[in-house]
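First the structure, in the form of structure tokens, and then the observations on it.
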Amino acid sequence: MRPIVVLSLCLSLALALPAAAAPGKRDYVVLMQGRVAGAQSVAVAADGSVQVEYQFADRGRGDRSSTHWRVNGDGTLREYQGRGNDYLKTPFEESYRLDGTQARWKNPSEQGQRELAAPAFFLPLQAAPEATGALARALLKAPQRRLALLPAGEANGRDLGEHQIVGTQGPVKLRLFGIEGLDFTPRPVWLREDGSTAAVIAAAGWFSVVEREFEAATPKLIELQEAAAAAWAADLARRLTHAPVGPLLIRNARVFDPRDLSVAAGTSVLIEGERIVRVAPDARLSAPAGAEILDARGRFLMPGLWDVHKHYTGAHDGALDIAAGITSARDVANDFEAFPARVQRFDAGSEIGPRVMMAGFIDGPGPYAGPTKMLVATAEEARKAVDFYADRGYMQIKSYSSLKPELVPVIADRAHQRGLRYSGHVPAFMSARQFVEGGADELQHLLFVELNFMYPRVRDTQTMKRLTEVAAHAHEYPPEHPQVREFIDFLKRHRTTLDPTMALAEDLFGGDPKDKTPPGLRGVAERLPPQARRNLSWGALKPPHGEEEAYRQAFPSMLKLLKALHEAGVTLLPGTDALAGYMLHAELEVYARAGIPNAEVLRLATLTPAQVFGVAAQRGAIAPGRYADLVLIDGDPLRDMRDIRKVDAVFKGGKRFDPEQIERALGIVPRKAPADAK
């Protein structure tokens with residue numbers, strides 16, 4: 001058959017697909033880590049108009065929206081109206097209308113109009129999951145399955161496989177369809193044969209919206225979806241991992257040593273396999289036979305960075321970390337059924353990512369329980385949960401806000417008996433002091449230090465109060481306040497470490513509620529795929545009337561507290577709990593802005609976590625016998641911490657990764673690209 005005939009047949013089949021799902025009502029369940037968290041209902045009228053009611057609850061937060069739209073014959077939106085509240089409970093209204101070729105849209109963060117020369121699909125900022133299905137149907141009708149997106153970007157779709165899935169009505173054939181252009185990796189959506197949406201499942205199954213007929217089949221859908229994602233990641237790793245055929249010699253580098261904060265210019269580093277063999281002045285280190293030689297040209301060479309607060313989801317997370325120079329990480333809450341396989345892929349090199357240490361996540365049952373299947377209510381259950389993680393190679397336990405306070409010492413004792421560390425959110429109805437006294441080794445998030453000063457006035461920290469109370473009152477507790485000084489001394493005496501997540505705090509407490517770009521990602525967000533950058537931020541907290549000045553002072557007050565903690569000798573462990581890779585750079589920049597010397601910031605991000613986690617013999621410094629986990633910087637972060645973003649090459653176990661290649665593969669405009677390349 002001639003190509004022109006094949007193309008005509010494909011277009012005919014695409015045009016035969018319905019622009020919208022068939023009339024009727026479909027009900028969906030929203031699952032977070034397998035637990036019911038909300039619902040979505042989709043009602044399609046006889047005229048093709050769609051009404052979607054959507055809501056989910058997540059630890060006192062969560063979206064709620066009512067949306068209505070109509071589609072054109074090609075499946076693109078003709079009009080759209082939506083209202084409700086976003087994840088942080090901020091009200092919103094959103095609208096779109098296409099009059100002829102004139103498109104107009106408006107929401108709290110965006111407003112624009114455009115004359116369309118070709119069909120384009122408007123993707124709402126506060127889109128219910130069903131909007132992803134609508135886009136998939138439009139792509140299936142579009143030539144070459146490609147459509148411009150509004151306000152910006154382009155989407156294209158591709159089939160990821162067909163699978164027989166058993167629902168409550170028997171076996172059903174579902175199509176797994178991938179949409180490129182929305183995220184760094186293809187966004188999956190499950191479609192029935194008539195084009196209606198069967199499920200929209202986030203990477204790694206963290207968040208699933210599944211038609212009730214297929215609720216019991218959700219684990220199978222996740223398994224199939226993750227297999228497709230792993231295949232995509234394996235192809236990326238094959239293309240972007242550069243392994244030397246013999247020894248690797250890096251010459252003429254300025255080597256930073258976090259052990260004594262020194263920098264040695266004119267230094268060579270010899271690597272064989274995954275280990276560093278020798279570090280010496282250039283003149284004293286000869287290249288072995290067959291060695292590959294890399295001239296660092298006087299650039300800054302430092303140990304690989306750590307991010308100690310990760311939640312790996314999509315296949316892009318590990319690649320973004322490597323591109324940013326992060327070669328070691330700690331994941332502090334993930335799916336214990338599927339995530340260890342991802343760590344194994346990182347270690348095997350079949351997926352690009354750092355060396356990951358795992359912390360097991362535990363919470364108590366209740367309406368504000370965290371996204372974990374490991375919920376405990378008794379001492380026996382708590383001890384069994386710790387044993388479960390210890391038996392599977394986890395290095396730490398992290399508990400959460402709904403845990404009963406009386407179970408803290410139970411978990412701490414069992415964790416320590418099994419050789420594990422213990423950290424977490426401070427449980428509700430308990431202070432940070434009591435949490436540490438109960439056996440916790442570490443606190444997540446600086447905001448729990450702030451909340452310690454507000455206890456017992458603020459006792460229930462399961463809700464949004466844990467954010468709004470800090471925003472309103474952090475400025476009342478400067479470092480010189482006696483209560484603050486005493487608690488800092490307490491943390492120092494107990495050798496309590498702190499994972500402050502300051503760049504996330506800046507987003508919440510120091511950002512603009514109307515700007516969806518976290519302050520730490522300004523200058524980076526502009527390089528990301530247009531749709532990916534629309535939801536980088538939760539959105540800063542909006543101050544109630546009369547509290548604007550208190551909210552404005554919150555983050556500067558937290559910076560002063562961070563510096564005081566560091567100067568007092570409390571160990572800080574840099575982590576993000578946000579966008580992979582780039583947000584760690586923002587975290588380190590915040591530390592420097594707080595007044596911590598740059599060399600000490602780099603030590604906190606390299607050697608300090610390795611020491612705290614007991615792996616300093618293997619990582620954290622450029623020295624013989626350690627893993628060849630290195631970052632080559634085209635700048636000087638000792639002079640200007642913003643140069644930490646100028647990553648030129650990354651080595652994990654001696655294998656080299658080019659950040660520019662990774663960025664291009666993920667749809668990101670590389671840092672060095674000319675402006676017109678955007």
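Salt bridge status for Glu381 with Lys384: absent, with no side-chain N to carboxylate O gap under 4.0 Å. Look at Glu526 and Arg533 and you find no salt bridge, because none of the NZ, NE, NH1 or NH2 atoms lies under 4.0 Å from a carboxylate O. A salt bridge links Glu442 with Arg330: the distance from a Lys NZ or Arg NE/NH1/NH2 to an Asp or Glu carboxylate oxygen falls below 4.0 Å. Here Asp86 does not pair with Arg64 in a salt bridge; the nearest charged N to carboxylate O distance is not below 4.0 Å. A salt bridge is absent between Lys655 and Glu274: the closest approach of a Lys/Arg side-chain nitrogen to an acidic carboxylate oxygen does not fall below 4.0 angstrom. Using a cut-off of 4.0 Å between Lys/Arg side-chain N and Asp/Glu carboxylate O, Lys310 and Asp321 are scored as salt-bridged. Salt-bridge annotation for Glu589 and Arg645: present, with a side-chain N of the basic residue lying under 4.0 Å from a carboxylate O of the acidic one.
Of all heavy-atom pairs between Gly424 and Gln444, the closest is N-OE1, 2.9 Å. Contact record, Ser402 with Ala369: OG-N, 3.6 Å, taken as the closest heavy-atom pair. Counting all heavy atoms, side chain and backbone alike, Pro529 lies closest to Gly667 at CG-O, 3.3 Å. For the residue pair Met32 and Pro371, the shortest heavy atom distance occurs at CE-CB, 4.3 Å. Across every non-hydrogen atom of Met583 and Leu579, the tightest pair is CB-O, 3.1 Å. Closest approach of Leu191 and Ala136 over heavy atoms only: CD1-CB, 4.1 Å.
Taking the ring centre of Phe388 as origin, the terminal cationic atom of Arg392 falls inside the region bounded by 6.0 Å and 45° from the ring axis.
Taking the side chain as every heavy atom from C-beta outward, Met395 and Met358 never approach each other to under 4.5 Å. Residues Asp335 and Trp206 have side chains not in contact (no heavy-atom distance under 4.5 Å, counting atoms from C-beta outward). Between Thr372 and Leu375, the closest side-chain pair of non-hydrogen atoms falls below 4.5 Å. Here the side chains of Val356 and Phe339 are in contact, with some heavy-atom distance below 4.5 Å. Put simply, the side chain of Phe555 does not reach to within 4.5 Å of the side chain of Pro519, judged on heavy atoms. At least one side-chain heavy atom of Glu213 sits under 4.5 Å from a side-chain heavy atom of Arg192. Side-chain contact between Val189 and Ile179: present, with at least one pair of heavy atoms (C-beta onward) separated by less than 4.5 Å. With a 4.5 Å cut-off on side-chain heavy atoms, Leu630 and Arg656 do not count as touching.
Separation of atoms CD (Glu663) and CD1 (Ile668) is listed at 5.5 Å; rounding is to 0.5 Å. How far CG of Leu305 is from CG of Leu604: 11.5 Å, rounded to the nearest 0.5 Å. Separation of atoms CG (Leu504) and CG (Leu446) is listed at 11.5 Å; rounding is to 0.5 Å. Note that OG of Ser196 and CZ of Arg137 are 7.0 Å apart. Values are rounded to the nearest 0.5 Å. Distance CG/Leu135 to CG/Leu182: 6.0 Å, rounded to 0.5 Å. Interatomic distance, OH of Tyr368 versus CG of Asp363, reported as 13.0 Å (0.5 Å rounding).
A donor-acceptor pair shorter than 3.5 Å can be found between the side chains of Glu130 and Thr197. Counted by atom type alone, Tyr627 and Thr327 present zero donor-acceptor pairs between their side chains at under 3.5 Å. Counted by atom type alone, Arg534 and Gln531 present one or more donor-acceptor pairs between their side chains at under 3.5 Å. Looking only at atom types and distance, the side chain of Ser537 has a donor-acceptor partner in the side chain of Asp507 under 3.5 Å away. With 3.5 Å as the limit, one finds a donor-acceptor pair spanning the side chains of Asp577 and His311. Side-chain N/O atoms of Glu587 and His309 include no donor and acceptor closer than 3.5 Å. Under 3.5 Å, the side chains of Arg619 and Ser328 contain a donor-acceptor pair of N or O atoms. Side-chain contact check for Tyr87 and Asp58: at least one donor-acceptor pair (N or O, by modelled atom type) lies under 3.5 Å. Between the side chains of His445 and Thr501, at least one donor-acceptor pair of N or O atoms lies under 3.5 Å.
Between the side chain of Arg145 and the backbone N or O of Ala138 there is no donor-acceptor pair closer than 3.5 Å. Using a distance-only test at 3.5 Å, with no hydrogens or angles considered, no donor-acceptor pair links the side chain of Arg26 to the main chain of Ala198. Judged purely by atom type and a 3.5 angstrom limit, Lys652 uses its side chain to pair as donor or acceptor with the backbone of Gly353. With Glu94 contributing its side chain and Gln126 its backbone, the two residues share a donor-acceptor pair below 3.5 Å. Asp159 places no side-chain N or O within donor-acceptor distance of the main-chain N or O of Gly161, the cut-off being under 3.5 Å. Not a single donor-acceptor pair under 3.5 Å links the side chain of Thr241 to the backbone N or O of Arg238.
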### Derivation of the side-chain contact (heavy atoms from CB on, under 4.5 Å) call for Asp27 and Arg212
CA-CA 6 Å; Asp27 290 318; Arg212 291 195 181 274; 4.0 Å; yes
### Message
Please evaluate residues Phe361 and Phe336 with respect to the criterion ring-ring contact (aromatic ring centres under 6.0 Å, His included), reporting the C-alpha separation (whole Å), side-chain torsions for both, the decisive distance (0.1 Å), and the verdict.
### Response
CA-CA 9 Å; Phe361 192 28; Phe336 54 71; over 10 Å; no
### Message
Between Gln55 and Ser65, is the side-chain contact (heavy atoms from CB on, under 4.5 Å) condition met? List the steps.
### Response
CA-CA 6 Å; Gln55 62 81 23; Ser65 64; over 6 Å; no
### Message
Checking Ile165 against Lys220 for the side-chain contact (heavy atoms from CB on, under 4.5 Å) test, could you report, in this order, the C-alpha distance in whole Å, the side-chain angles of both residues, the deciding distance, and whether it holds?
### Response
CA-CA 8 Å; Ile165 301 298; Lys220 184 63 176 178; 4.3 Å; yes
### Task
Go through the steps to decide whether Trp190 and Phe214 satisfy the test ring-ring contact (aromatic ring centres under 6.0 Å, His included), and finish with yes or no.
CA-CA 11 Å; Trp190 291 90; Phe214 304 110; 9.2 Å; no
### Message
Walk me through whether Thr576 and Asp307 qualify under side-chain hydrogen bond (donor to acceptor under 3.5 Å, both in side chains).
### Response
CA-CA 7 Å; Thr576 58; Asp307 184 339; 2.6 Å; yes
### Task
Evaluate the side-chain contact (heavy atoms from CB on, under 4.5 Å) criterion for residues Leu160 and Phe177: first the C-alpha distance (whole Å), next the side-chain angles of each, then the deciding distance (0.1 Å), finally the verdict.
CA-CA 5 Å; Leu160 300 177; Phe177 190 70; over 6 Å; no
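Partner Arg355 forms a salt bridge (Lys or Arg N to Asp or Glu O under 4.0 Å) with one of Asp629, Asp347, Asp331 and no other, that one being Asp629.
For Pro129, the side-chain contact (heavy atoms from CB on, under 4.5 Å) test picks out Gln40, Tyr54, Val200, Val209, with sequence neighbours left out. Residues passing the ring pair (Phe, Tyr, Trp, His ring centres under 6.0 Å) test with Phe346, sequence neighbours excluded: Tyr312.
Within a 6.0 Å radius of CZ in Phe657, more than 12 heavy atoms belonging to other residues, nucleotides or ligands are found. A 6.0 Å sphere centred on NZ of Lys373 holds more than 12 heavy atoms belonging to other residues, nucleotides or ligands.
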